[in-house]
Amino acid sequence: MRAIPVYVSVALAVFVVSLDAQDPYAVRLDPVIEQVVRDEKIPGLAVGIVQNGRLVYSRGFGVTKLGQPNPVTPETLFHMASITKPFVATAVMQLVEQRKVDLDAPVAKYVPYFRLDDPRYTSITVRQMLTHTSGMPDVKDYLWNKPEYDDGALERYVRSLADKKLRFDPGTKFAYSNMAYEVLGDLVAKVSRVSVEDYVDEHILKPLSMTSSTLLIKNADPSKLAAGHSMGRNKIPKVVEFYPYNRAHTPSSDLLSIVVDMARWAMANMNRGELDGHRILQSPTYDVMWKAYTPPGRNTPPAGIGWFLSQFDGEQSVLHDGQDDGFITMLEMIPARKFALLFMANCDYVSEKLYMRIVETAGPLSK
C-alpha cells in the first residue's frame with residue numbers, strides 16, 4: 001500500500017446514506033472501495049448500483065474538495081464528461097422518431113453552415129457522427145481556461161471548424177470524436193429551435209425527474225458541486241486550476257449530475273425508454289441504438305448510437321465512460337438483468353483497477 005498524506009486519510013471517512021449495515025452490497029463493496037480509495041489517493045467518489053428498478057446501493061466516499069470538510073454524498077454533483085454524449089444521442093433519436101431528422105441524411109442538411117476543409121464532409125451522415133464513424137477529427141483544446149457561457153458559443157465553435165480535415169472517408173472506420181458530438185448538439189438546437197441545454201432539460205431531464213442534473217453550470221447548486229483534482233508533485237492530489245466547463249463543448253462534456261439522478265437515467269434506459277409513466281424514447285429505437293456499428297478495437301468495444309456495447313457474464317452490457325480534467329465517470333448497464341453500476345470520481349487519475357474491483361465484487365450479486 002502506498003503512503004497517503006494525513007489530510008487525505010482524514011478526508012476519506014465514509015458517508016453513509018440510508019443503508020442497512022447488513023445490505024449485501026454494503027457488506028461486500030464498502031471495504032473494497034475504501035481500500036482502493038486509500039491506495040489511489042482519491043479525494044472523493046460516489047458509487048451507485050441499480051437492480052430491478054431500485055437504487056439498492058448509493059454511497060459517497062471522501063470529500064468534495066480537498067482541504068474542506070464537505071463529504072461526498074449521493075447528492076453531490078459531478079462533472080460527467082463524456083457520459084453527456086448518450087443524452088445528446090437520445091435527443092437526436094427523439095427528433096428521428098418525430099421524423100424531423102433522418103439518420104442517413106447529411107449533417108449539413110440540418111446545420112447548413114457546417115463545413116470542413118475537405119470535400120468529403122458533405123457526405124457525413126447523422127448516423128456516422130453518432131457512431132464515431134464520420135472521420136471527424138477530435139478536439140485538441142477545450143479551452144477550459146477560457147470558457148464561453150453565452151448562447152452563441154456552440155454555433156461559433158461549429159462555424160470555426162471550416163479549416164479542419166477528415167481523418168478518413170466517412171463510414172469506413174471508427175475514430176472517437178468529441179468534435180462530432182459538438183456538431184450533433186448544434187443539430188439538436190437548430191432542428192428544435194432551442195438550445196441543446198434547454199432541449200435536454202425539457203425532453204429528458206425533467207420527464208425523468210432528474211431534478212439536480214443540468215447542462216448549464218449556472219443552474220447547478222454550487223453547494224453540491226464537487227471540485228476536480230489532478231495528481232500534483234510528490235504524488236499529492238491538488239485541485240485543478242480550471243473547472244472543465246465551456247458551452248462550446250457542452251454536447252460532448254458538460255453534464256452535471258448526481259448518483260440518484262443517474263440511477264433514474266439507467267432505469268429509464270434499461271426499461272427501453274420509460275420510467276414512472278414518462279417515456280423518452282420508443283422501445284424499438286433501442287434496437288437501433290444498441291446495435292453494433294463498428295467492430296471491437298484494441299481498447300474500444302463496438303460502438304452503438306451514443307453508447308458502447310460489450311458483454312458481461314454472457315449478457316449484453318451497454319456502457320459509456322467519461323474523463324476530463326479533474327474527473328472520471330463510468331456507467332455500465334446489463335439490461336437483461338435490470339442491473340447498472342455507476343461511479344463518479346472527482347479526480348482524473350483513477351486506474352481501471354477501481355472499476356474492475358467494483359465489478360468483480362458486485363457482479364455476482366447482479367444475478
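Taking hydrophobic clusters as Ile, Leu, Val, Met, Phe, Trp and Tyr residues chained together by side-chain heavy-atom distances below 4.5 Å, Y113 shares a cluster with V101. Two different hydrophobic clusters hold L225 and V239 under the rule that ILVMFWY side chains link at heavy-atom gaps under 4.5 Å. Cluster annotation: L205 is connected to L216 through the hydrophobic network of ILVMFWY side chains, with a link wherever side-chain heavy atoms come within less than 4.5 Å. Hydrophobic clustering places L130 together with V139 (ILVMFWY residues linked when any side-chain heavy atoms are closer than 4.5 Å, directly or through intermediates). Linking ILVMFWY residues whenever their side-chain heavy atoms come closer than 4.5 Å, directly or via other members, leaves I328 and V240 in distinct clusters.
Each side-chain hydrogen bond (donor to acceptor under 3.5 Å, both in side chains) pair with one or both residues in residues 322-331, not counting sequence neighbours, appears once here: H79-D324. The list of salt bridge (charged side-chain N to carboxylate O under 4.0 Å, His left out) pairs with a residue in residues 178-188, not counting sequence neighbours, reads D186-K190. The salt bridge (charged side-chain N to carboxylate O under 4.0 Å, His left out) analysis of residues 42-54, with sequence neighbours excluded, yields no pairs.
Taking the salt bridge (Lys or Arg N to Asp or Glu O under 4.0 Å) definition, one finds that D150 meets it with R156, sequence neighbours left out. Evaluation of the side-chain contact (heavy atoms from CB on, under 4.5 Å) rule for N52 yields K338 as partners, not counting sequence neighbours. In this view, T300 and F174, F308 satisfy the side-chain contact (heavy atoms from CB on, under 4.5 Å) rule, not counting sequence neighbours. Applying the salt bridge (Lys or Arg N to Asp or Glu O under 4.0 Å) criterion to E97, with sequence neighbours excluded, gives no partner residue. The side chain to side chain donor-acceptor pair (under 3.5 Å) search around D287 returns R272, not counting sequence neighbours. Remark: F114 engages Y121 in a ring-ring contact (aromatic ring centres under 6.0 Å, His included) (not counting sequence neighbours). In terms of the salt bridge (Lys or Arg N to Asp or Glu O under 4.0 Å) criterion, D348 has no residue partners (sequence neighbours excluded). Listed by chain and residue number, P302, L309 satisfy the side-chain contact (heavy atoms from CB on, under 4.5 Å) test with A292 (two or more places apart in sequence, or in another chain). Applying the salt bridge (Lys or Arg N to Asp or Glu O under 4.0 Å) criterion to D117, with sequence neighbours excluded, gives K165.
The closest side-chain heavy-atom distance from N269 to W290 is below 4.5 Å. Inter-residue side-chain proximity for E75 and S212 is flagged as met; some heavy-atom pair is nearer than 4.5 Å. Counting heavy atoms from C-beta on, the side chains of V50 and V56 never come closer than 4.5 Å. L256 has its side chain out of reach of M80: every pair of non-hydrogen atoms, C-beta onward, lies at least 4.5 Å apart. Between L103 and T125, every side-chain heavy-atom pair lies at or beyond the 4.5 Å cut-off. Looking only at side-chain heavy atoms (C-beta outward), Y110 and V126 come within less than 4.5 Å of each other. For the pair W144 and N246, the minimum side-chain heavy-atom distance is below 4.5 Å. Contact annotation: the side chain of Q128 never approaches that of Y293 to less than 4.5 Å [non-hydrogen atoms, C-beta and beyond].
For the atom pair L187 CG and K109 NZ, the distance stands at 10.5 Å (nearest 0.5 Å). In this structure, CE in M330 is found 12.5 Å from CE in M344, a value given to the nearest 0.5 Å. Between the CG atom of L184 and the OG atom of S134 there is a distance of 8.5 Å, given to the nearest 0.5 Å.
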Exercise. After noting the C-alpha distance and the side-chain angles of E315 and F312, does the key distance pass the side chain to side chain contact (heavy atoms under 4.5 Å, CB included) rule?
Worked result: CA-CA 5 Å; E315 303 279 8; F312 181 85; 5.6 Å; no

For this session: Please step through salt bridge (Lys or Arg N to Asp or Glu O under 4.0 Å) for the pair D138 and R167, ending with a clear verdict.
Result: CA-CA 10 Å; D138 207 356; R167 290 187 277 192; 5.4 Å; no

For this session: May I have the step-by-step check of side chain to side chain contact (heavy atoms under 4.5 Å, CB included) for L45 and V72, ending in yes or no?
Result: CA-CA 7 Å; L45 178 73; V72 171; 6.0 Å; no

Exercise. After noting the C-alpha distance and the side-chain angles of M136 and V183, does the key distance pass the side chain to side chain contact (heavy atoms under 4.5 Å, CB included) rule?
Worked result: CA-CA 10 Å; M136 289 282 290; V183 178; 4.2 Å; yes

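When atom types are taken as modelled, the side chain of E274 and the backbone of I280 share no donor-acceptor pair closer than 3.5 angstrom. Without hydrogens or angle criteria, H203 side chain to D201 main chain gives no donor-acceptor distance under 3.5 Å. Without hydrogens or angle criteria, T285 side chain to L281 main chain gives no donor-acceptor distance under 3.5 Å. Looking only at distances, no side-chain donor or acceptor of K173 sits under 3.5 Å from a matching main-chain atom of G135. Proximity of a side-chain donor or acceptor of T122 to a complementary backbone N or O of P119 within less than 3.5 Å is detected.
For Y245 and Y149, the ring centers sit closer than 6.0 Å to each other. Taking the six-membered ring for Trp, Y243 and F327 have ring centres closer than 6.0 Å. For Y181 and H132, the ring centers are positioned less than 6.0 Å apart.
Nearest heavy atom pair, residue P237 against residue K235, reads CD-O, 3.9 Å. Across every non-hydrogen atom of V32 and R28, the tightest pair is CG2-O, 3.5 Å. A pairwise comparison of heavy atoms in E202 and P207 identifies O-CD, 3.3 Å as the closest pair. Of all heavy-atom pairs spanning N178 and S82, the tightest one is OD1-OG, 3.7 Å. Taking both residues in full, the closest heavy atoms of S317 and E332 are given as OG-OE2, 2.9 Å, listed atom of the first, atom of the second, then distance. Shortest non-hydrogen contact noted between V47 and L341 is CG1-CD1, 4.2 Å.
For E241, the CD atom sits in a loose shell: 12 or fewer heavy atoms of surrounding residues, nucleotides or ligands are nearer than 6.0 Å.
No side-chain N or O of R59 forms a donor-acceptor pair with one of Y25 less than 3.5 Å apart. Residues K85 and Y176 have side chains that bring a donor and an acceptor to within less than 3.5 angstrom of each other. Residues S209 and T211 bring no donor and acceptor atom of their side chains to less than 3.5 Å of each other. A side-chain donor from one of D261 and S213 sits under 3.5 Å from a side-chain acceptor of the other. Side chains of Q51 and Y57: a donor-acceptor N/O pair is absent below 3.5 angstrom, by distance only.
Classification of the Y157-H249 ring pair by plane angle, with boundaries at 30° and 60°, yields perpendicular.
The residues R247 and D254 are annotated as not salt-bridged, no charged nitrogen and carboxylate oxygen being separated by less than 4.0 angstrom. Remark: K164 does not engage D118 in a salt bridge, criterion side-chain N to carboxylate O under 4.0 Å. Using a 4.0 Å cut-off between charged nitrogen and carboxylate oxygen, R264 and D276 count as a salt-bridge pair.
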